[in-house]
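Let me begin by presenting the structure, written as structure tokens, before commenting on it.
In this chain, residues are counted from 1 in sequence order.
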Amino acid sequence: MWLWTSSLNFVLAILQLGFNLLVLIAVASDRRLHTNIHLLSTSLWVCNSITAIVTIFFSLNPSQCLEVPCFQHQQLPKQLVDMKSRSFAELEKFPALTTAILLNSTISLLTLLTIGFVHALARHNYHLSRSQLSRLIGSTWLLVTLLLLSDFFLIRLSRSFVLAVPFHLALLSVFLVLNLIIHPLNLIQLIISQRLSPEVENSQTIRLKKDCATASLWLLLNSLSFIIIFMMVAWESKEKDQYNSIMGIEVAAFSVHCVANPLIAVIRDRQLERSLSRIIMRNKRTRTNHEEDLIIALMRDPPPPYTE
């Protein structure tokens, strides 16, 4: 069972890494895609790629993750050992994977929250400049770095995940609640304004409503992944092999949104779809033969008229 789940996680991680990298290259290579939502969503594709790389190593060498625990029990106070033995001891067998999953959820929810605030400002005709957008992305990653440093401090303090994981999950719960407030509010406000004054609707409003719907779909999938994280923490099993199999299935379920979110972006954005297809089909163009090259050259530069 564990071998099957490891193989499934490996295949999903390869698809996740390849697809997210393709979307990143498509956004970077096309200047028409340098819009607010595309630039902000690059943080999603980057963190999905990081999670895919960690999952690939986790799938290729799961035995090492199981044999080396993160910390020793004998150095912990008795109360922490009791709490750790209930649920967090199993997570400490997968320290890199647990950190990657928490990093992915943190960046995803913070990026979606930033996108929601940008859409709320756009509803009031306030559009951010490129420098403001860059500072906003940098601030998001700086906040994520500070959260990870606080997690490492709590791990160092308690010598286990017993303080870091609940602290991080509490922060993720706050980010999720804020997202669940701002994104539906943006969609409801846009729909109400469209019904009140349908003649005022322009291409920019239509584009904003489409971007809000796309971000809401991303949020829906990230919310399901957040529920899976709670299942990872709350699941208690006495049989080691059974827990490892369930852990592999939960990791595979968590990886679904890392593949589905860029797929939703490509389906709902024609320009991104064209840019991505141009990258994929660039090396598949058939070469013309010599006669066709000669005809094209004659059509481009016709010979001079004949004179005696």
Problem - Any donor-acceptor N or O pair under 3.5 Å, side chains His168, Asp151 - result: yes

Handout entry: Side-chain heavy-atom pair Arg130, His34 within 4.5 angstrom cut-off
Key = yes

Exercise for the section: Side-chain contact test, heavy atoms from C-beta onward, threshold under 4.5 Å: evaluate it for Arg123 versus Leu208 and give yes or no. Expected result: yes

Exercise for the section: Please report the C-alpha distance between Asn261 and His257 in whole Å, then the side-chain angles of each, then the deciding distance to 0.1 Å, and finally whether the side-chain hydrogen bond (donor to acceptor under 3.5 Å, both in side chains) criterion is met. Expected result: CA-CA 6 Å; Asn261 279 350; His257 87 274; 4.8 Å; no

Exercise for the section: Treating Ile, Leu, Val, Met, Phe, Trp and Tyr as nodes and any side-chain heavy-atom pair under 4.5 angstrom as an edge, say whether Ile53 and Ile50 lie in one connected cluster. Expected result: yes

Fill in the blank from the handout: In short, Leu112 meets Asn179 closest at the heavy-atom pair C-OD1, 3.1 Å

Practice task
Flag the pair Ser223 / Leu180 as yes when at least one side-chain heavy-atom distance between them is below 4.5 Å, and no otherwise.
Solution key: yes

Problem - Point-to-point distance, once rounded to the nearest 0.5 Å, from CG of Leu176 to CG of Leu169 - result: 11.5 Å

Exercise for the section: First locate atom CG of Asn222, then atom CG of Leu44, and finally report the distance between them rounded to the nearest 0.5 Å. Expected result: 7.0 Å

Handout entry: Under 3.5 Å side-chain donor-acceptor pair for Arg274 and Gln271
Key = yes

Problem - Hydrophobic cluster identity match, Val177 and Ile188, side-chain contacts under 4.5 Å - result: no

Handout entry: same_hphob_cluster(Leu178, Leu172) at 4.5 Å side-chain heavy-atom cutoff
Key = no

Problem - Distance, nearest 0.5 Å, that separates CD1 of Ile14 from CD1 of Ile56 - result: 3.5 Å

Problem - Heavy-atom side-chain contact between Leu110 and Thr106 under 4.5 Å - result: yes

Handout entry: Heavy-atom check, side chain of Gln132 versus side chain of Leu136, under 4.5 Å
Key = no

Problem - From Asn36 atom CG to Asp211 atom CG, the distance as rounded to the nearest 0.5 Å - result: 9.0 Å

Problem - Leu149 side chain reached by Phe153 side chain, heavy atoms, under 4.5 Å - result: no

Exercise for the section: May I ask whether Leu8 and Leu15 are part of the same hydrophobic cluster, defined by side-chain heavy atoms of I, L, V, M, F, W, Y residues being less than 4.5 angstrom apart, directly or through others? Expected result: no

Handout entry: Verdict with supporting geometry, Leu217 and Arg268, side-chain contact (heavy atoms from CB on, under 4.5 Å)
Key = CA-CA 11 Å; Leu217 290 174; Arg268 295 184 56 83; 3.9 Å; yes

Exercise for the section: For Ser108 and Ser105, indicate whether the former's side chain and the latter's backbone hold a donor-acceptor pair under 3.5 Å. Expected result: no

Practice task
Give the C-alpha distance, both sets of side-chain angles, the deciding distance and a yes or no for side-chain contact (heavy atoms from CB on, under 4.5 Å) between Ile107 and Trp141.
Solution key: CA-CA 7 Å; Ile107 295 177; Trp141 282 91; 3.4 Å; yes

Fill in the blank from the handout: Shortest non-hydrogen pair, Pro262 vs Val23, comes out as CB-CG2, 3.9 Å

Exercise for the section: Would you mind reporting whether Leu33 and Ser275 have side-chain heavy atoms less than 4.5 Å apart? Expected result: yes

Practice task
Could you tell me the separation between the CD1 atom of Ile115 and the SG atom of Cys212, rounded to the nearest 0.5 Å?
Solution key: 10.0 Å

Handout entry: Stepwise side-chain contact (heavy atoms from CB on, under 4.5 Å) check, Thr51 with Leu103
Key = CA-CA 8 Å; Thr51 308; Leu103 174 67; over 6 Å; no

Problem - Separation of Ser225 OG from Asn104 CG (nearest 0.5 Å) - result: 7.5 Å

Exercise for the section: Find out if a path of hydrophobic residues (ILVMFWY) with successive side-chain heavy-atom gaps under 4.5 Å connects Val256 to Leu221. Expected result: no

Exercise for the section: Indicate whether any N or O donor in one side chain lies under 3.5 Å from an N or O acceptor in the other, for His38 and Ser41. Expected result: no

Problem - His183 versus Leu219, closest heavy-atom pair with distance - result: CD2-CD2, 3.7 Å

Exercise for the section: Begin from the C-alpha positions of Phe19 and Asn48 and carry the test side-chain contact (heavy atoms from CB on, under 4.5 Å) through to its verdict. Expected result: CA-CA 10 Å; Phe19 201 28; Asn48 288 345; over 6 Å; no

Fill in the blank from the handout: In terms of heavy-atom contacts, Gly116 and Asn186 come closest through O-ND2, 3.0 Å

Exercise for the section: For the pair Lys210 and Asp269, find out whether any cationic side-chain nitrogen is under 4.0 Å from an anionic carboxylate oxygen. Expected result: no

Handout entry: Over 12 non-hydrogen atoms of neighbours within 6.0 angstrom of CZ in Phe175
Key = yes

Practice task
For Ile279 and Ala26, work out which heavy atoms get closest and say how close.
Solution key: CD1-CA, 3.5 Å

